[in-house]
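Below is one structure; the comments refer to it alone.
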Amino acid sequence: MDRLVNAVRPYAWGSTTALPELLGTEPTGQPQAELWMGAHPGAPSLVDRGDGGPVPLNELIAADPERELGRAAAQAFGPRLPFLLKVLAAASPLSLQVHPDLAQAQAGFDDEEGRGIPPAAPHRNYKDANHKPELICALTPFEGLCGFRPAAETAGLLAALDVDQLKPYADILGAARPEDAALREVFTAVLTADRTAVAETVHLAAEAARRRAGEGGPWATACAAYAAIAQEYPGDPGVLAAMLLNHVRLQPGEALFLDAGVPHAYLRGMGVEIMANSDNVLRCGLTPKHVDVPELLRIVRFEGGEAGVLRPEAGPEGEEVYTTPVSEFRLSRYVLAPGAEPRALPAGLPQILLCTDGMIGLAGGPGGRELTLRRGESAYVPADQRTVRAEGPGTVFRATVRL
C-alpha cells in the first residue's frame with residue numbers, strides 16, 4: 001500500500017475553505033476546487049516506495065501494469081488506471097455541460113486530430129478518445145442540475161414565472177407532441193437566439209425567479225437556484241437552459257450518476273467524485289471556457305425524467321456500494337464504528353482508499369505495510385496486495401474498477 005501525495009486544482013469556482021478544512025491545512029485565500037487522486041497525466045498522485053524518491057502513479061503503473069492493475073484490468077483497460085477520484089468543493093456553479101459516449105468520443109477525437117487541432121488548444125473539444133461517465137457523492141449538502149425535467153413540468157415552471165418572453169417556450173413544452181422534440185426545440189432556441197435579446201430575457205426570468213423563490217411554493221428552491229446562477233452569469237443563455245433541468249439537492253451520502261449525453265452542472269457543496277479517465281467536456285454556458293453549442297446539441301440526450309438520486313446498497317463486510325452501469329469505476333464506502341472488528345476489503349484489483357471522516361487504519365496482511373489515514377488522506381493499493389483490512393472509527397471511500 002502507498003500513501004498518496006495529491007494535487008489540489010485551483011479553479012475559480014472552488015471554495016476557499018472546504019478543502020483546507022478537510023485536509024487540515026491553512027486556507028490560502030485562493031479557490032481550491034478539486035483534490036485529485038489517481039494517475040491522470042495532468043496531475044498524477046505521487047507515491048514513495050523508498051527506492052529513489054516519489055514517483056508519479058501513472059509512471060509506476062506503466063512500468064508494471066500487470067502487477068499494479070492485475071491481469072484482467074490491464075487487459076480490459078490497457079496499462080493505465082481507468083478512473084480518476086476527486087474531492088470536489090464548489091462555491092459557485094460549474095459550467096453547464098455534457099460528455100460524449102465512447103463512439104462519439106472516438107469519432108470526435110479522430111476528427112480533431114485529422115484537422116490538426118493542437119491538443120492544448122482552448123477550442124479543442126475532444127482531448128482523448130474516451131468517454132467520461134461520472135458519479136458525485138455528497139459529503140455536505142450538495143446542489144446541482146441533472147437531466148431534463150419532464151417537459152410538461154417545465155411548462156408549468158415557465159408559466160409560473162409569468163414572463164412574456166418565456167410563454168412561447170412554455171407553449172411548446174406543454175403541447176401534446178413528442179417530448180424529445182419539444183425539449184430539443186426549446187433548448188436549441190435559447191442557446192442559439194440573438195445574444196442581446198437573450199440577455200434581456202435572462203434578466204426578466206431571473207427577476208421573476210427571485211420573486212417566486214421569496215413567495216415560497218413548489219418552485220421556490222429551484223427558482224432560488226436559477227436566480228443565484230443568473231447573478232453569477234448575468235445575461236448568459238445557459239441560465240435559461242438551466243431552467244429546463246432538474247434541480248437536485250443531495251444530502252451527505254446521496255449521489256448522482258451522470259451518463260453520456262446528460263446535461264448537468266454542479267452548483268455548490270463538497271462531494272467525492274469518480275469518473276472515467278477523460279477530459280472530454282462539451283459546454284453550452286455558465287463558463288468563460290470554450291462553448292460549442294452545435295456540437296453539444298449533437299451529443300445531448302433529449303429525455304425528460306426525474307434525476308435519479310442514488311443511495312448506497314448494502315454489500316458484504318459492511319461495504320456500501322453505489323451501483324452504476326460502467327466498468328471503468330466502482331465506488332463504495334465503509335462507515336466503521338468505534339471498537340468494531342476490522343473489515344476485510346476486497347483485494348486483487350487496483351484501488352484507492354480515501355478517508356473522509358475520523359481515522360482509518362489499514363493493514364496489508366502478513367509482512368504487509370500498515371498505514372493510518374486521517375481526514376483527506378488517501379492510499380493506493382495495487383492489485384497484487386491480496387489482503388487489506390481496515391478499522392476505524394471513521395469513513396473510508398473505496399474506488400476501484402468493475403470487472
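Remember, predicted model here, so these are calculated numbers, not experimental data.
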Side-chain donor/acceptor of Asp236 to backbone N/O of Ala230, under 3.5 Å: no
Taking CD in Glu341 as the centre, count heavy atoms belonging to other residues, nucleotides or ligands within less than 6.0 Å. Is the count above 12? no
State whether the side chain of Glu254 and the backbone N or O of Pro252 hold a donor-acceptor pair below 3.5 Å, judged by distance alone. no
Rounded distance [0.5 Å steps], CG in Leu256 versus CG in Asp259: 12.5 Å
Step-by-step side-chain contact (heavy atoms from CB on, under 4.5 Å) determination, His99 to His264: CA-CA 10 Å; His99 306 301; His264 62 278; 3.5 Å; yes
Taking atom types as modelled, find out whether Glu143 and Tyr266 have a side-chain donor-acceptor pair closer than 3.5 angstrom. no
Go through it in stages, so that I can follow the logic: the residues are Arg3 and Asp48, the test is salt bridge (charged side-chain N to carboxylate O under 4.0 Å, His left out), and I'd like the CA-CA distance, side-chain angles, deciding distance and then a yes or no. CA-CA 8 Å; Arg3 187 182 304 277; Asp48 189 347; over 6 Å; no
So, using ring pair (Phe, Tyr, Trp, His ring centres under 6.0 Å) as the criterion, who are the partners of Trp36 when residues are at least two apart? His40
Summary of ring pair (Phe, Tyr, Trp, His ring centres under 6.0 Å) pairs that have at least one residue in residues 223-255, sequence neighbours excluded: none
For residues 19-26, which side-chain N or O atoms pair as donor and acceptor with protein atoms under 3.5 Å away, sequence neighbours left out?
residue	atom	partner	partner atom	Å
Glu21	OE2	Arg375	NH1	3.3

Tell me if the CD atom of Glu306 is crowded by more than 12 foreign heavy atoms within 6.0 Å. no
Please name all residues satisfying ring pair (Phe, Tyr, Trp, His ring centres under 6.0 Å) with Tyr322, sequence neighbours left out, ordered by chain then number. none
Show the numbers, then the answer: is there a side-chain hydrogen bond (donor to acceptor under 3.5 Å, both in side chains) between Thr28 and Gln30? CA-CA 5 Å; Thr28 64; Gln30 300 300 311; 5.9 Å; no
Does any non-hydrogen side-chain atom of Arg343 lie less than 4.5 Å from one of Glu391? no
Smallest heavy-atom separation, Asp128 atom then Asp279 atom, equals OD2-N, 2.8 Å
Please walk me through it: do Glu328 and Lys132 pass salt bridge (charged side-chain N to carboxylate O under 4.0 Å, His left out)? CA-CA 10 Å; Glu328 284 89 347; Lys132 194 180 181 234; over 6 Å; no
Arg268 vs Glu232, salt bridge (charged side-chain N to carboxylate O under 4.0 Å, His left out): CA-CA, chis, key distance, verdict: CA-CA 12 Å; Arg268 57 186 55 80; Glu232 293 276 350; 5.6 Å; no
Would Arg330 and Glu319 pass as an ion pair if we require N to O under 4.0 Å? yes
Restricting to non-hydrogen atoms, name the atom on Arg212 and the atom on Ala160 that form the minimum distance, rounded to 0.1 Å. NH2-O, 2.8 Å
Return the minimal non-hydrogen interatomic distance between Cys355 and Arg374, and the atom names on each side. CB-O, 3.5 Å
Any idea which heavy atoms bring Glu377 and Thr372 closest together, and the distance? OE1-O, 3.6 Å
Show, in sequence, the C-alpha distance, side-chain angles and deciding distance for Leu353 and Leu345, and conclude whether the side-chain contact (heavy atoms from CB on, under 4.5 Å) test is met. CA-CA 10 Å; Leu353 304 175; Leu345 308 188; 3.8 Å; yes
Would you please test Asp2 and Arg49 for salt bridge (charged side-chain N to carboxylate O under 4.0 Å, His left out) and show each step? CA-CA 7 Å; Asp2 302 284; Arg49 292 183 174 172; 2.9 Å; yes
Centroid-centroid distance, Tyr334 to Phe397, less than 6.0 Å: no
Can you list the steps and then say if Thr154 with Arg149 is a side-chain hydrogen bond (donor to acceptor under 3.5 Å, both in side chains)? CA-CA 6 Å; Thr154 298; Arg149 186 188 297 107; 3.0 Å; yes
Over all heavy atoms of both residues, which pair between Leu161 and Cys223 is shortest? Give the atoms and the distance, please. CD2-SG, 3.9 Å
Restricting to pairs with a member in residues 75-89, which pass side chain to side chain donor-acceptor pair (under 3.5 Å), not counting sequence neighbours? Glu34-Lys86
Mark yes or no for whether Thr140, through its side chain, and Met270, through its backbone, hold a donor-acceptor pair below 3.5 Å. yes
Count the heavy atoms belonging to other residues, nucleotides or ligands that lie under 6.0 Å from CD of Gln231, then report whether that count exceeds 12. no
If you take all heavy atoms of Arg389 and Pro342, which pair is closest and at what distance? NH2-O, 3.2 Å
Qualifying residue, where the test is side chain to side chain contact (heavy atoms under 4.5 Å, CB included) with Phe148 and the options are Asn246, Val262, Leu245: Leu245
Determine whether Gln351 and Arg398 satisfy the following criterion, side-chain hydrogen bond (donor to acceptor under 3.5 Å, both in side chains), listing intermediate values before the conclusion. CA-CA 7 Å; Gln351 54 189 306; Arg398 175 177 181 262; 2.7 Å; yes
Residue pairs involving residues 183-205 (criterion side chain to side chain donor-acceptor pair (under 3.5 Å); sequence neighbours excluded): Arg177-Glu185
